[in-house]
There are 2 protein chains.
Amino acid sequence: MNENKKTIITNISQKIFSRYGLIKTTVDEIAKAARMGKATLYHYFKSKEDIYREVVEKENRFLAQKINEAIDKEDTPKEKLKAYITTRMKYLNELANIHSALTEEYLDHYAFIERIREKNFQQEIKTIRTILIDGNNKNLFSIEDIELTSFAIISALKGLEYPWSTEISLPKIQENIDKLLDILFNGIVKR
Amino acid sequence: MNENKKTIITNISQKIFSRYGLIKTTVDEIAKAARMGKATLYHYFKSKEDIYREVVEKENRFLAQKINEAIDKEDTPKEKLKAYITTRMKYLNELANIHSALTEEYLDHYAFIERIREKNFQQEIKTIRTILIDGNNKNLFSIEDIELTSFAIISALKGLEYPWSTEISLPKIQENIDKLLDILFNGIVKR
DNA sequence: TTCTCGACCAAAATCGTTTTTCGTTCCATT
DNA sequence: AATGGAACGAAAAACGATTTTGGTCGAGAA
């Protein structure tokens, strides 16, 4: 099995899927862009869906890697959490396929999309939990139910990813993130 | 102008729009259900879209009223905020038209839907701000930037409304709301 | 004068049929 | 084992005819 060919196909189809999505992209298009016959694609992949799954999983791994790198650069759990959300949003904007996979309704009925969403979610839970446990251990946080708190924080952060308001400038988005993190850390109740 | 007829049309069409949505509902259907001729509907309303706008705005007013009633019943800003999110979610589940108006992509390009979304959002901002100011005045909260904090809290609460996770039981949803509110109030940083 | 509604109009949607496209496989060749 | 042009069959798109639907007209009743 030629892993190099598989990688070529993945890289090339990644770009085309980014631009046109799963439906509008044709196998013929991918084959031509990769300078191969269509049958060759089927030598390396099970189906068109399989190519797309590989592309989305690749971007999900890349996203996780970038998030982990950003978190590892910080010392305090506070900075880690901040790095987490900032990096996640930055790369979700860049990685069109994983972004689509997580948000587009037309992909809802694909089983593999469901698995990727679950995986991405478990990655989120794990990452947040790790940061919270670290915060508790360093006596900076005071969290009793780590699991529930992780879940609640992810809910809150989802509100940042969801395109619910149309007229928010980019500076305001960063201000919003900063303030939300401030509230999540310190709360609004007087100390 | 017979306000009673207008009300009859609005109430009847509200039920039909709830069930079938804007597209699948026909003017003929509404006319028959209201026991009127089609032309009569056009005597009271500008267009089909105009009837739908009236229905959605009616539900939005009702939602606001229910939220205000729930908030007024509480004494503390904490309880008010809790009542706010609980009541909002409860009634958004019941009021199919305003719920659709706020969330359905196929309605995105209607100007009146944009205005309703903006109005609903301003209502949210105003309600949250009022609660936060009350909290500050009672020396319970310690908020410097009311506007930004309102905005950030709304972001966080949006994460609860967004159907981002598929396998959440109803009890878990309530737990999640409670924990998120706890975090918003007290933060996770050790006090 | 206001309100009502059946008939009508034009545009949009639906339908059945035909044509084209596309995901996948076949099979000969390298 | 890997390759790729051709072929296959199902699905999607295109097409033209027909039906449906949003909205209006104009006569009549209240």
Side-chain angles (χ1 to χ4, degrees), chain A residues 1-57 97 100-101 104-113, chain B residues 1-57 97 100-101 104-113:
Chain A
M1 179 75 79
N2 196 325
E3 284 302 317
N4 192 42
K5 282 292 179 72
K6 210 172 159 94
T7 300
I8 289 174
I9 297 168
T10 304
N11 290 349
I12 282 177
S13 57
Q14 179 178 8
K15 290 180 170 65
I16 308 178
F17 280 131
S18 286
R19 187 169 171 181
Y20 301 114
L22 172 59
I23 305 299
K24 285 290 182 182
T25 297
T26 66
V27 180
D28 198 58
E29 233 174 320
I30 296 173
K32 281 185 166 58
R35 298 171 191 271
M36 295 174 189
K38 278 202 292 183
T40 304
L41 302 190
Y42 290 92
H43 181 77
Y44 295 98
F45 290 93
K46 219 180 296 167
S47 59
K48 180 189 180 187
E49 188 176 302
D50 194 35
I51 303 175
Y52 186 67
R53 179 198 52 75
E54 181 68 36
V55 160
V56 174
E57 286 185 357
N97 293 308
S100 291
E104 295 282 357
E105 279 181 31
Y106 83 94
L107 293 170
D108 281 1
H109 62 283
Y110 291 91
F112 78 96
I113 289 292
Chain B
M1 177 74 81
N2 195 326
E3 286 301 317
N4 193 42
K5 283 293 178 71
K6 213 174 156 103
T7 300
I8 289 172
I9 296 167
T10 303
N11 289 348
I12 280 172
S13 58
Q14 178 178 9
K15 290 182 173 61
I16 306 176
F17 280 131
S18 286
R19 187 169 171 182
Y20 301 113
L22 173 58
I23 306 298
K24 284 291 181 184
T25 296
T26 68
V27 181
D28 197 55
E29 231 172 322
I30 297 174
K32 281 185 164 59
R35 297 166 191 271
M36 296 176 187
K38 277 208 292 179
T40 305
L41 303 191
Y42 288 94
H43 180 77
Y44 295 100
F45 291 93
K46 220 181 296 169
S47 59
K48 179 189 181 186
E49 186 177 301
D50 194 33
I51 302 174
Y52 187 67
R53 178 198 52 75
E54 183 66 35
V55 160
V56 174
E57 286 185 357
N97 293 308
S100 291
E104 296 282 358
E105 280 183 30
Y106 84 92
L107 294 170
D108 282 0
H109 62 280
Y110 292 91
F112 78 96
I113 288 291

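By convention in this document, chain letters (A, B, ...) are assigned in the order of the sequence lines, proteins followed by strands, and residues within each chain are numbered from 1. Small disclaimer: the values here were computed from a predicted structure and weren't measured.
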A.B. asks: Given C:dC5, is OP1 or OP2 found less than 4.0 Å from the side-chain N or O atoms of B:T40?
C.D. replies: yes
A.B. asks: Rounded off to whole Å, could you give me the NZ-to-P distance for the A:K48 and D:dA12 pair?
C.D. replies: 11 Å
A.B. asks: Return the value, rounded to whole Å, for the distance between atom OH of B:Y20 and atom C1' of D:dT21.
C.D. replies: 17 Å
A.B. asks: How close or far is atom C1' of C:dC5 from atom CD1 of B:I9, stated in whole angstroms?
C.D. replies: 13 Å
A.B. asks: Using atom types as modelled and distance alone, determine if a side-chain donor or acceptor of A:T25 lies under 3.5 Å from a backbone N or O of A:L22.
C.D. replies: no
A.B. asks: How many angstroms lie between CD in A:E104 and CD in B:E105, if you round to the nearest 0.5 Å?
C.D. replies: 7.0 Å
A.B. asks: Can you measure from NE2 (B:H43) to NZ (B:K5) and round to the nearest 0.5 angstrom?
C.D. replies: 9.0 Å
A.B. asks: In chain order, what residues pass the salt bridge (charged side-chain N to carboxylate O under 4.0 Å, His left out) check against B:K32, with sequence neighbours excluded?
C.D. replies: B:D28
A.B. asks: Separation of B:L41 atom CG from C:dG6 atom C1', in whole Å?
C.D. replies: 14 Å
A.B. asks: Could you encode protein contacts along nucleotides 25-30 of chain C as a string, one character per nucleotide from 5' to 3', using B for base contact, S for sugar-phosphate-only contact and - for no contact, with a heavy-atom cut-off of under 4.0 Å?
C.D. replies: BB----
A.B. asks: Expressed as a whole number of angstroms, how long is the span from B:N4:CG to C:dT2:P?
C.D. replies: 19 Å
A.B. asks: Please check the phosphate of C:dC3 (OP1 and OP2 only) for any side-chain N or O of B:H43 closer than 4.0 Å.
C.D. replies: yes
A.B. asks: Quick one: ring-ring contact (aromatic ring centres under 6.0 Å, His included) partners of B:F45, sequence neighbours excluded?
C.D. replies: none
A.B. asks: For DNA chain D, determine which residues of residues 21-37 of chain A have any heavy atom closer than 4.0 angstrom to one of its atoms, and list them numerically.
C.D. replies: A:M36, A:G37
A.B. asks: Does B:Y110 have any ring-ring contact (aromatic ring centres under 6.0 Å, His included) partners at least two apart in sequence or in another chain, and if so, which?
C.D. replies: B:F112
A.B. asks: In Å and rounded to the nearest 0.5 Å, what is the CD1 to CD1 distance from B:I12 to B:I51?
C.D. replies: 11.0 Å
A.B. asks: Looking at NZ of B:K15 and CZ of B:R19, how far apart are the two atoms once the value is rounded to the nearest 0.5 Å?
C.D. replies: 12.5 Å
A.B. asks: For the pair made of CD1 in A:I16 and P in C:dG23, what is the distance, rounded to whole Å?
C.D. replies: 12 Å
A.B. asks: Which value, rounded to the nearest 0.5 Å, describes the distance between A:K48 atom NZ and A:I23 atom CD1?
C.D. replies: 6.0 Å
A.B. asks: Rounding to an integer number of Å, can you tell me how far B:F45 CZ sits from C:dC5 C1'?
C.D. replies: 18 Å
A.B. asks: Mark yes when over 12 heavy atoms from residues, nucleotides or ligands other than B:Y20 sit less than 6.0 Å from its OH; otherwise mark no.
C.D. replies: no
A.B. asks: Considering the terminal five base pairs at each end of the helix from C:dT1-D:dA30 to C:dT30-D:dA1, what angle separates the two local helix axes, rounded to 10°?
C.D. replies: 30°
A.B. asks: Nearest 0.5 Å please: distance from the OH atom of B:Y44 over to the CG atom of B:D50.
C.D. replies: 14.5 Å
